[in-house]
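Each remark here refers to the structure printed beneath this line.
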Amino acid sequence: MAKRLDTYRTKRDFTKTPEPSGRDAVAPTKVRRFVIQKHDATRLHYDLRLELGGVFKSWAVTRGPSLDPHDKRLAVEVEDHPLAYGDFEGTIPAGEYGGGTVMIWDRGYWLAEDPQRGLATGDLKFALDGDKLHGEWVLVRMKHDRSGGKRTNWLLIKHNDAYAREGRDNDILDHDRSVASGRTMEQIAGGTGRAPKPFMRSAATRAKAAPVRLARKRSAPRADNAGAAVLGVTISHPGKALWPDGGDGRPVTKLDLARYMAEAGNWLMPHIRGRPCSIVRAPDGIGGERFFQRHAMTGMSELIAALKIAGDRKPYLQIDRIEGLIAVAQAGGLELHPWNCAPDRPEVPGRLVFDLDPGPELAFTAVIDAAREIRQRLDTLGLESFCKTTGGKGLHVVAPLKTTTKDIASWADAKHFAHTLCRQMAADSPARYLVTMGKRQRAGKIFLDYLRNDRMATAVAPLSPRARDGATVSMPLTWTQLRSNLDPKRFTLRTALALIGKSRAWADYDRAARPLKPALAKLER
């Protein structure tokens with residue numbers, strides 16, 4: 001570890017610079033952390049740092065991250081930095097290496113299927129969950145340094161997912177205050193304002209690792225490793241706890257998840273069959289490391305299909321049978337995120353999804369009111385809609401689309417329709433809604449996320465579990481269930497199947513598909 005920081009240390013005089021030397025250990029966590037620091041040095045740039053192997057792998061992104069998948073931002077690989085650097089915000093003295101003001105612009109957690117291999121091959125695909133940046137990204141190594149030097153240059157590119165934004169909507173760099181202190185660059189340079197809140201050494205961050213360490217100290221009964229079978233699929237380590245509490249004080253095990261998938265399969269399959277489907281894997285449970293996987297991998301179960309998609313050399317995951325759901329559970333797959341395309345037609349939108357994401361402390365009744373308003377607007381335009389919980393604090397409103405030859409709409413049409421409808425809602429009620437995702441702007445409002453309606457964008461499947469406390473699921477509802485006393489936390493792996501068995505939720509979904517183009521024409525009048 002010390003040798004990996006030799007280059008970092010030789011470039012700095014720690015009697016002059018307030019940067020951390022890296023000699024003080026930072027406790028590891030099972031969920032990898034990332035930090036992006038805005039750095040006003042000789043040239044203004046943004047430093048992307050991804051935790052890996054006890055250090056921060058680091059790149060200087062010359063123009064900062066972009067949410068537009070068409071942008072390819074130059075990212076110059078620099079020396080590894082110590083993990084303590086993730087809490088550094090301040091000013092490096094003039095004349096010292098990297099002299100200038102440093103802001104903690106964003107921070108959070110990141111996931112990747114095989115980061116070491118991605119770095120080695122020059123194709124690192126990863127997902128970010130930060131205060132400002134979310135969704136999937138890729139770092140692609142360039143073959144040659146275009147300046148003729150010895151630096152290793154990469155390109156940072158946003159994946160075309162639900163968090164991609166183009167044109168005027170791509171305003172992420174306008175969110176220009178520190179996520180650690182709330183300060184501007186001027187305040188940091190002047191030494192005014194509050195000190196940055198620690199992240200790398202915070203108690204909350206350490207707590208993410210604590211349940212994992214405790215779990216490993218407890219030895220599982222020998223019978224736990226003997227294996228079990230669900231619909232002919234062998235489940236190894238069936239007693240492994242994936243959720244520490246299923247809402248009833250008992251852990252949800254790997255075998256519990258496999259059995260849930262088997263029982264939910266008949267209901268769930270029509271909504272994911274024939275569509276590429278990303279999964280969130282947490283082999284050690286929700287307290288351990290997570291992977292966002294959308295591509296097929298070597299050694300993957302043959303019960304999960306691999307689908308080639310134009311524009312990507314790697315095949316995507318596709319789940320076309322209930323046994324495939326169980327194979328996902330065996331691999332520690334906790335969440336299912338299918339595309340919103342028509343079955344077996346990835347270039348054709350098959351449904352619209354409106355994701356209602358409330359700001360902090362906003363009452364759930366406000367989200368219910370928003371869902372009802374979207375339903376009313378869609379109904380006026382001739383589209384029938386359905387509702388489900390997200391497994392978190394929000395709701396999804398889903399409108400199935402007709403996909404016969406004369407009714408086919410493009411992805412551009414779907415995204416434009418959703419964006420226009422959400423923009424009209426926000427214009428009519430600016431105190432209630434917004435269509436930008438900045439967390440600071442979202443206080444007391446609902447973010448109307450229209451970006452699920454694009455090629456390759458995903459939304460959590462109905463009845464899919466979530467990798468969250470309480471083992472909640474994304475629960476299909478009838479519109480009459482949207483009452484003021486509705487508690488989305490009551491829908492869990494333990495309760496969902498019995499409740500859906502008594503419900504008429506989504507019973508007419510297949511017969512409710514309507515063409516998008518007439519609705520779009522009405523919307524634009």
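This structure is a prediction, so every number in the text was calculated from the model and none was measured. Sequential numbering from 1 along the given sequence is applied to the chain's residues. Side chains included, hydrogens not; waters and symmetry mates left out as well; all remaining heavy atoms used.
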**Report entry** Pair listing, salt bridge (charged side-chain N to carboxylate O under 4.0 Å, His left out) test, anchored in residues 334-344, at least two apart
**Finding:** Glu335-Arg466

Report task. Keeping the roles fixed (side chain from Thr253, backbone from Gly239), state whether a donor-acceptor pair exists under 3.5 Å. Result -> no

**Report entry** Evaluation steps, side chain to side chain contact (heavy atoms under 4.5 Å, CB included), between Val328 and Leu317
**Finding:** CA-CA 10 Å; Val328 168; Leu317 299 173; over 6 Å; no

Query raised in the report: From Leu83 CG over to Phe56 CZ, what is the distance, rounded to the nearest 0.5 angstrom?
Result: 5.5 Å

Query raised in the report: Mind checking whether Ser278 and Gln293 have side chains closer than 4.5 Å, heavy atoms only?
Result: no

Query raised in the report: When you measure from the side chain of Trp110 to the backbone N and O of Glu51, does any donor-acceptor pair fall under 3.5 Å?
Result: yes

Requested in this report: May I ask you to check whether Phe34 and Phe199 place their ring centers less than 6.0 Å from one another?
Outcome: no

Query - Side-chain donor-acceptor contact under 3.5 Å, Ser58 with Glu79 - result: no

Query - Value rounded to 0.5 Å, distance of SG in Cys341 from CG in Asp454 - result: 12.0 Å

Query raised in the report: Taking the side chain from Thr492 and the backbone from Gly470, do they hold a donor-acceptor pair closer than 3.5 Å?
Result: no

Query raised in the report: Got Val35 and Tyr85 here, is their nearest side-chain heavy-atom distance under 4.5 Å?
Result: no

**Report entry** Minimal non-hydrogen separation, Leu139 against Ala75, with atom names
**Finding:** CD2-CB, 4.0 Å

**Report entry** By ring-ring contact (aromatic ring centres under 6.0 Å, His included) - contacts of Trp59 (at least two apart)
**Finding:** Trp154

**Report entry** No-hydrogen, no-angle side-chain donor-acceptor test under 3.5 Å, Asp355 and Thr390
**Finding:** no

**Report entry** Side-chain donor or acceptor of Arg73 paired with backbone N/O of Gly64 under 3.5 Å
**Finding:** yes

Query raised in the report: Is a salt bridge present between Arg165 and Asp68, judged by a nitrogen-to-oxygen distance below 4.0 Å?
Result: no

Query - Asp80 side chain near Lys57 side chain, heavy-atom distance below 4.5 Å - result: yes

Requested in this report: Can you measure from CZ (Arg273) to CG (Leu325) and round to the nearest 0.5 angstrom?
Outcome: 9.5 Å

Requested in this report: Start with the C-alpha gap between Arg468 and Ile286, add the side-chain angles, then the distance that decides, and say whether side chain to side chain contact (heavy atoms under 4.5 Å, CB included) holds.
Outcome: CA-CA 7 Å; Arg468 301 183 180 187; Ile286 65 169; over 6 Å; no

Query raised in the report: Under 3.5 Å, is there a donor-acceptor pair between the side chain of Asp106 and the main chain of Lys132?
Result: yes

Report task. Would you indicate whether the side-chain heavy atoms of Phe291 and Pro283 approach each other to under 4.5 Å? Result -> yes

Requested in this report: In sequence, state the C-alpha distance, the side-chain angles, and the governing distance for Lys314 and Asp123, and then conclude on side chain to side chain contact (heavy atoms under 4.5 Å, CB included).
Outcome: CA-CA 12 Å; Lys314 293 183 178 180; Asp123 183 19; 4.1 Å; yes

Requested in this report: Establish, from distance only, whether the side-chain atoms of Gln330 and Ser301 form a donor-acceptor pair under 3.5 Å.
Outcome: no

Query raised in the report: Is the shortest side-chain N to carboxylate O distance from Arg290 to Asp129 below 4.0 Å?
Result: no

Query raised in the report: For the residue pair His295 and Tyr316, is the inter-centroid distance of their aromatic rings smaller than 6.0 Å?
Result: yes

Report summary line: Heavy-atom closest pair (Pro465 atom, Val473 atom, distance to 0.1 Å) is CA-CG1, 3.9 Å

Query raised in the report: Is a salt bridge present between Arg250 and Asp248, judged by a nitrogen-to-oxygen distance below 4.0 Å?
Result: yes

Query raised in the report: Nearest 0.5 Å, what's the OG-CG distance between Ser66 and Asp171?
Result: 10.5 Å

Query raised in the report: Which one of Phe126, Tyr163, Tyr109 satisfies the ring-ring contact (aromatic ring centres under 6.0 Å, His included) criterion with His134?
Result: Tyr163

Query raised in the report: Is a side-chain donor or acceptor of Arg452 paired with a backbone partner of Thr458 at a separation under 3.5 angstrom?
Result: yes

Query raised in the report: Is there a donor-acceptor contact under 3.5 Å from the side chain of Arg141 to the main chain of Leu119?
Result: yes

Requested in this report: Side-chain contact test, heavy atoms from C-beta onward, threshold under 4.5 Å: evaluate it for Val61 versus Ile36 and give yes or no.
Outcome: no

Requested in this report: Output every pair passing salt bridge (charged side-chain N to carboxylate O under 4.0 Å, His left out) with a member in residues 252-266, not counting sequence neighbours, ordered by first then second residue.
Outcome: Asp256-Arg494

Query raised in the report: In Å and rounded to the nearest 0.5 Å, what is the CD to OG distance from Glu89 to Ser181?
Result: 3.5 Å

Query raised in the report: With sequence neighbours left out, what residues match Lys445 under side-chain contact (heavy atoms from CB on, under 4.5 Å)?
Result: Leu434

Query raised in the report: So do the side chains of Lys388 and Leu477 get within less than 4.5 Å of each other, counting heavy atoms only?
Result: no

Query raised in the report: If every non-hydrogen atom of Met475 is compared with every non-hydrogen atom of Leu499, which pair is closest and at what distance?
Result: CE-CB, 3.8 Å

Report task. Please round to the nearest 0.5 Å and tell me the distance separating atom CG of Asp449 and atom NE2 of His419. Result -> 10.5 Å

Query raised in the report: Passes side chain to side chain contact (heavy atoms under 4.5 Å, CB included), Arg32 versus Leu52? Steps please.
Result: CA-CA 7 Å; Arg32 297 188 186 98; Leu52 189 64; 3.5 Å; yes

Query raised in the report: Between Ser503 and Thr478, which heavy-atom pair has the shortest distance, and what is it?
Result: OG-CG2, 4.0 Å

Requested in this report: Quick one: list whatever passes side chain to side chain donor-acceptor pair (under 3.5 Å) with Asp87, sequence neighbours left out.
Outcome: none

Query raised in the report: Of the non-hydrogen atoms in Lys393 and Pro358, which two are nearest, and what is the gap between them?
Result: O-CG, 3.4 Å

Query raised in the report: In this structure, are over 12 heavy atoms from other groups packed under 6.0 Å from Asp312 atom CG?
Result: yes

Query raised in the report: Any donor-acceptor pair under 3.5 Å linking the side chain of Thr495 with the backbone of Arg490?
Result: yes

Query raised in the report: Do Asn453 and Pro349 touch side chain to side chain, with heavy atoms closer than 4.5 Å?
Result: no

Query - Side-chain heavy-atom pair Val138, Ile157 within 4.5 angstrom cut-off - result: yes

**Report entry** Heavy-atom donor-acceptor pair, Asp169 side chain to Thr436 backbone, under 3.5 Å
**Finding:** no

Report task. Might you point out which heavy atoms bring Gln37 and Phe88 nearest each other, and give the distance in Å? Result -> NE2-O, 3.0 Å

**Report entry** Whether Arg4 side chain and Gly53 backbone form a donor-acceptor pair below 3.5 Å
**Finding:** yes

**Report entry** Residue pair Lys489, Asp487: steps toward the salt bridge (charged side-chain N to carboxylate O under 4.0 Å, His left out) verdict
**Finding:** CA-CA 5 Å; Lys489 292 182 180 179; Asp487 180 6; over 6 Å; no

**Report entry** Pairing of Lys125 and Glu136 as salt bridge, 4.0 angstrom limit
**Finding:** no

Query raised in the report: Of all residues at least two apart in sequence or in a different chain, which pass the ring-ring contact (aromatic ring centres under 6.0 Å, His included) check with Tyr509?
Result: His271, Phe386, Trp506

